[in-house]
Amino acid sequence: MSPAAVMLTELESDALTEIVNIGVGRAASSLRKMIGDQVSLSVPAIEVVSQRRAARLISEREIPPLVAIRQDFSGPFSGRALLIFPEENSLELVRAVTGDELSVQEVLDIEHEALAETGNIILNSCLATMANMLQRSLTMTIPEVVRGDGASLFEVWDDNDVDGLVLFLYIDFAVRKRDIRGYIAMLMDLPALEALRVLLEEFIARVVGDHG
Amino acid sequence: MPVTVLIVDDSKLARIVAAKALKELQPEWVRVEASSAAEAHEMVAAQAIDVALIDFNMTEKDGLDFAHELRALRPDMPIAIITANIQDEIIARAREIGAAFVAKPVTTEGLQGFVSGAALRLKSRQS
């Protein structure tokens, strides 16, 4: 049995996958609108792992250097959302979202803030959709662009508890025509997971209704 | 007098995208840009602004707070809040201050309803 199964019942885990799917679907549709090309998504993977393991999972999946746009959220449950991709994809993504209209120099000049804005749109559409489905409101911080390897992207909230368990959730995305790929990751600590579980129970009750 | 639209967003990319969509819908409207609420305040004081498109998620002061202040100064101005943060609560807060809600990324389709409504309101005020 995976640690995730210990933390969430099968139905809760299904409900979370469903909510994340819809949130990420909305995020993908935002990205599609921004670049005009189809975005493919994987099924979300949800695991409860140590923070170190989460950092390692990131490093194993992509070769650094990586770029991430990071946004923290707080409310009934808190955590961190990241849009991560290989640094070599970064300029291509900026070209894609600026509609191939800018010169090389202009793309370089606008790179940092275009990444922040793209991350802002994608992570916000995902988190806001999840918040709406759970009927709670979340506060999102201003996006931050960070570069480095898996461990540095993840330097998680509480330095004293580097090996605390986190809910680690990730979805791959790819824009085939553009050779852009990356993934969306979400991290929540265990108190947040406990709070989330209560909201998932409410969500399930609403969805199942009287037929349950 | 041409209509002047103020686009307030701390992201240059977002301002480019909004300006592009606006230009397609209303090519004759004049577009001016501010990168913060403070800068937007100065522009509103200094020149005639008819319509405002305001990003929600900005450092220092968020777009809803700025829209609230702007609404107090200009009770009739068509104002839209632009954000990817489509939470029900944010939409409700926009409605409370009489602002429209436009989801990011801004597209011509997404902006059309607000822009047509604003054009009608401005026209009826002139006549």
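- A84(B) and N120(A) make their closest contact through CB-O, 4.2 Å (heavy atoms, listed as atom of the first residue, atom of the second, distance).
- When the shell of 6.0 Å around CD of E106(A) is examined, it contains more than 12 heavy atoms from other residues, nucleotides or ligands.
- For chain B, the option among M140(A), R136(A), M130(A) with the highest count of heavy-atom pairs below 4.5 Å is M140(A).
- If you measure heavy-atom distances from T59(B) to chain A, the contacts under 4.5 Å come from both the backbone and the side chain.
- Heavy-atom proximity under 4.5 angstrom to chain B picks out V97(A), T98(A), E101(A) from residues 94-102 of chain A.
- With a 6.0 Å radius and a threshold of 12 heavy atoms from other residues, nucleotides or ligands, Q38(A) has its CD atom at or below the threshold.
- Rounding to the nearest 0.5 angstrom, the gap separating the CD1 atom in I90(B) from the OG atom in S137(A) is 7.5 Å.
- Under the 4.5 Å side-chain criterion, counting only non-hydrogen atoms from C-beta, K12(B) is not in contact with D109(A).
- In this structure, the separation between CE on M34(A) and NZ on K104(B) is 8.5 Å, given to the nearest 0.5 Å.
- Atom CZ of R206(A) sits in a crowded spot, with more than 12 heavy atoms from other residues, nucleotides or ligands closer than 6.0 Å.
- By the 6.0 Å contact criterion, NE2 on H41(B) is enclosed, its count of non-hydrogen atoms from other residues, nucleotides or ligands being greater than 12.
- Residue Q71(A) touches chain B through its side chain alone, counting heavy-atom pairs closer than 4.5 Å.
- Counting heavy atoms of neighbouring residues, nucleotides and ligands inside a 6.0 Å radius, atom CZ of R176(A) does not exceed 12 of them.
- Residues satisfying the side chain to side chain donor-acceptor pair (under 3.5 Å) test with D62(B), not counting sequence neighbours, are none.
- Rounding to the nearest 0.5 Å gives a distance of 10.0 Å between CZ of R15(B) and CD of E117(A).
- The number of heavy atoms from other shown groups lying within 6.0 Å of NZ (K61(B)) is above 12.
- Of all heavy-atom pairs between I121(A) and P105(B), the closest is CG2-CD, 3.7 Å.
- Options D9(B), I16(B), N85(B) differ in how many heavy-atom pairs under 4.5 Å they form with chain A, and the most are formed by N85(B).
- One finds the OG atom of S11(B) at 11.0 Å from the CD1 atom of I142(A) (value rounded to the nearest 0.5 Å).
- Exactly one residue among N124(A), T129(A), L138(A) makes a side chain to side chain contact (heavy atoms under 4.5 Å, CB included) with Q87(B). That residue is L138(A).
- A heavy-atom distance below 4.5 Å is found between the side chains of I86(B) and R26(A).
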